[in-house]
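To find a chain, count down the sequence lines: A is the first, B the second, and so on, and within it residues start at 1. Only a predicted model underlies this, so the values are computations on that prediction, with no experimental measurement involved.
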Number of protein chains: 2
Amino acid sequence: MARRTQGVSAGLDRGRIAAAAVALIDRDGLEVFGVRRLAQELGVDPMSIYHHVKGKAALLDAVSEAVLAEVAAVPDDDTSPGWEEIARRTAHEYRAMAYRHPRIFPLLVTRAQTSAVAVSALERLVTAMRAAGVPDQAVADAPMVLFGFLNGHLLARTIEEPGAVPAFDAAVYPAMAALTPLMTDFGSTAEFDRMLGTVLDGIRRRAAPDRP
Amino acid sequence: MARRTQGVSAGLDRGRIAAAAVALIDRDGLEVFGVRRLAQELGVDPMSIYHHVKGKAALLDAVSEAVLAEVAAVPDDDTSPGWEEIARRTAHEYRAMAYRHPRIFPLLVTRAQTSAVAVSALERLVTAMRAAGVPDQAVADAPMVLFGFLNGHLLARTIEEPGAVPAFDAAVYPAMAALTPLMTDFGSTAEFDRMLGTVLDGIRRRAAPDRP
DNA sequence: CTTGTCAAACCTACAGTGTAGAAACTACCG
DNA sequence: CGGTAGTTTCTACACTGTAGGTTTGACAAG
């Protein structure tokens, strides 16, 4: 048992701890995740972690913050993309993150998101919408509607096993059963894009209220 | 300490246990909820619960099932409401349930919903849409989009303390800060109705694809 | 070189958890 | 009366988060 000696630094800090925790949860899942396991993975005493993170709740905050930070960079490559394009790209980045960390995503959505990366993503979208002359109320609502949908939808996909198309009893639920052939792309990019498009349609409708 | 004698029935069953658990979580919260507390509330030994429910996970399943069952009855009072009306009513029932049990709702959305009440609600909506001649793909997508939004949006409301309007630093996030006056109805019925309307607009657009 | 201070890591211990396994008790059926 | 089935309780165990105290090395001042 290779024990560390006391007092000598193990190079721990919030970032390294969070990164290790992310990897560990990705591998083994949230249910069995704990301070002791994480410490073992880091080759460190469990209590050492508590010198950098206040408690388990703060540890999970750090994890969700680290994962959310991955989605920060929506590239501003071309010239002022327009708000729909920004929304679409951000949504796809967000989705990619969720699929990269399916066992962490439930953690993300059950915590309030006030971190800098989250807010700055909203700021970018909202700025573009105002620049396009969208009415203020529609602008204010748009990110809430969009991320409401994203969180709920992606949560449903990350909970289930991948490729789990539900089966409905045709005798009791004939309509649902009849539609199951159209749900076989459950979890696919195409399905996501279609539903995202539906939500964006709704937002666009409110963005230009002088259309029928 | 009034102990029960062994062997004599305490009238336990899955339903009573679930109901007590719901009340307990509503009162004290999910974090401190446990088998021992629940047993004490029921005046029963902790292990007695395990004879009716397989484990803690199954117990939480029962809780979420019980809460979801509250939303079962969307009244069919008037004559064939039309799918938009059905969707709107179901959404409001669902929201009311979420606000009745804010500490349980996070549990609901992190579990796959295959229970009878959940599916039959979908069946009703989907049947109405087909009867209205909506294209099949739009029908199949509609409940996923709707409940995706509902779960995500309501989750965000139930996590936060009620009436918590976020404050943004105007120097860093000018657009978000400028819009905060329009977010003061955070969590209100009016806000919900507006955003629900946005999503339904999107669904309606896909339901009638021959409009521009 | 000595001494003091500080931060980082470790060790110990404790209350609390979910739950496996067995024992105790009642009720019913023959 | 005896057996059997069904509930409830008892006991015990491995495990959790974490409070409190101890050890160690690094660095600066005297």
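- Distance from the side chain of A/His52 is smallest to C/dA8 among C/dC10, C/dA8, D/dT16.
- A donor-acceptor contact under 3.5 angstrom links the side chains of A/Asp26 and A/His101, judged on distance only.
- As a whole-Å value, the separation of A/Ile49 CD1 from C/dA8 C1' is 13 Å.
- Annotation: the span from A/Ile104 atom CD1 to A/Ile25 atom CD1 amounts to 5.0 Å, rounded to 0.5 Å.
- Protein atom CG of A/Asp45 is 12 Å distant from nucleotide atom C1' of D/dT23, rounded to whole Å.
- Protein atom CG of A/Leu59 is 13 Å distant from nucleotide atom C1' of D/dT18, rounded to whole Å.
- Minimum atom distance to the side chain of B/Met47 is reached by C/dA20, of the listed D/dT8, C/dA20, C/dA13.
- Nearest heavy-atom pair across B/Ala91 and B/Leu196 is CB-CD2, 3.7 Å.
- Residue B/Phe33 contributes atom CZ, which lies 13 Å from atom C1' of C/dT17 at whole-angstrom precision.
- Of the candidates D/dA12, D/dT7, C/dC11, D/dA12 carries the atom nearest the B/Arg36 side chain, counting heavy atoms from C-beta on.
- Atom CG in B/Leu38 sits about 10 Å away from atom P in C/dG18, given to the nearest Å.
- Candidate nucleotides C/dC11, C/dG18, D/dT8 were compared by shortest atom distance to the side chain of B/Leu12, and D/dT8 ranks first.
- Between A/Tyr94 and A/Phe105, the two ring planes are perpendicular [angle over 60°; tilted spans 30° to 60°].
- When the nucleotides C/dA9, C/dG18, D/dT16 are ranked by their closest atom to the side chain of A/Ser48, C/dA9 comes out on top.
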When you look at B/Arg206 and A/Asp201, which way does the salt bridge (Lys or Arg N to Asp or Glu O under 4.0 Å) test go after all the steps? CA-CA 8 Å; B/Arg206 303 274 163 142; A/Asp201 277 355; 3.0 Å; yes

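- In this structure, of D/dT9, D/dT16, C/dT17, it is D/dT9 that holds the atom nearest to the side chain of B/His51.
- Looking at the side chain of A/Val44, the nearest of the listed nucleotides C/dC10, D/dG17, D/dT16 is C/dC10.
- Atom P of nucleotide C/dG18 and atom CD of B/Glu31 are separated by 13 Å, given to the nearest angstrom.
- Atom CZ of A/Arg37 is separated from atom P of D/dA14 by 16 Å (rounded to the nearest Å).
- Nucleotide C/dA20 holds its P atom 11 Å from the NZ atom of B/Lys54, rounded to whole Å.
- Residue whose closest nucleotide on DNA chain D sits further toward the 5' end, between A/Gly55 and B/Pro46: B/Pro46.
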